[in-house]
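Encoded as structure tokens, the structure appears first; notes follow it.
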Amino acid sequence: MNTIIATTICAFFKGHPDTQIGTEEAKLLAKQIAQALDEAGLQISAVDPTNAPH
């Protein structure tokens with residue numbers, strides 16, 4: 001999950017030349033986001049393909 005969040009953060013900042021973020025900073029931010037979601041009681045899990053909408 002952290003990798004997905006970090007990749008998304010890097011992709012977001014790629015389009016903003018005035019503001020850049022490095023890979024390590026994105027990884028730390030992703031870890032903090034995941035921790036905040038966990039502390040809020042949210043659970044993220046993979047979708048069960050048998051229950052996925054078609």
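Distance CG/L28 to CD/E24: 7.0 Å, rounded to 0.5 Å. Of the inter-residue distances, the one linking F13 atom CZ with L29 atom CG reads 7.5 Å to the nearest 0.5 angstrom. How far CD1 of I5 is from CD of Q32: 11.5 Å, rounded to the nearest 0.5 Å. For the atom pair CD (E25) and CD1 (I9), the distance works out to 11.0 Å, reported to the nearest 0.5 Å.
For the pair L37/I33, a side-chain contact is recorded, criterion being any heavy-atom separation below 4.5 Å from C-beta on.
Annotation for C10 and I21: closest pair CA-CG2, 4.5 Å, computed over non-hydrogen atoms. The two residues I44 and M1 come nearest to each other via the heavy atoms CD1-SD, 3.2 Å.
The environment of I4 atom CD1 is sparse: at most 12 non-hydrogen atoms of other residues, nucleotides or ligands sit within 6.0 angstrom.
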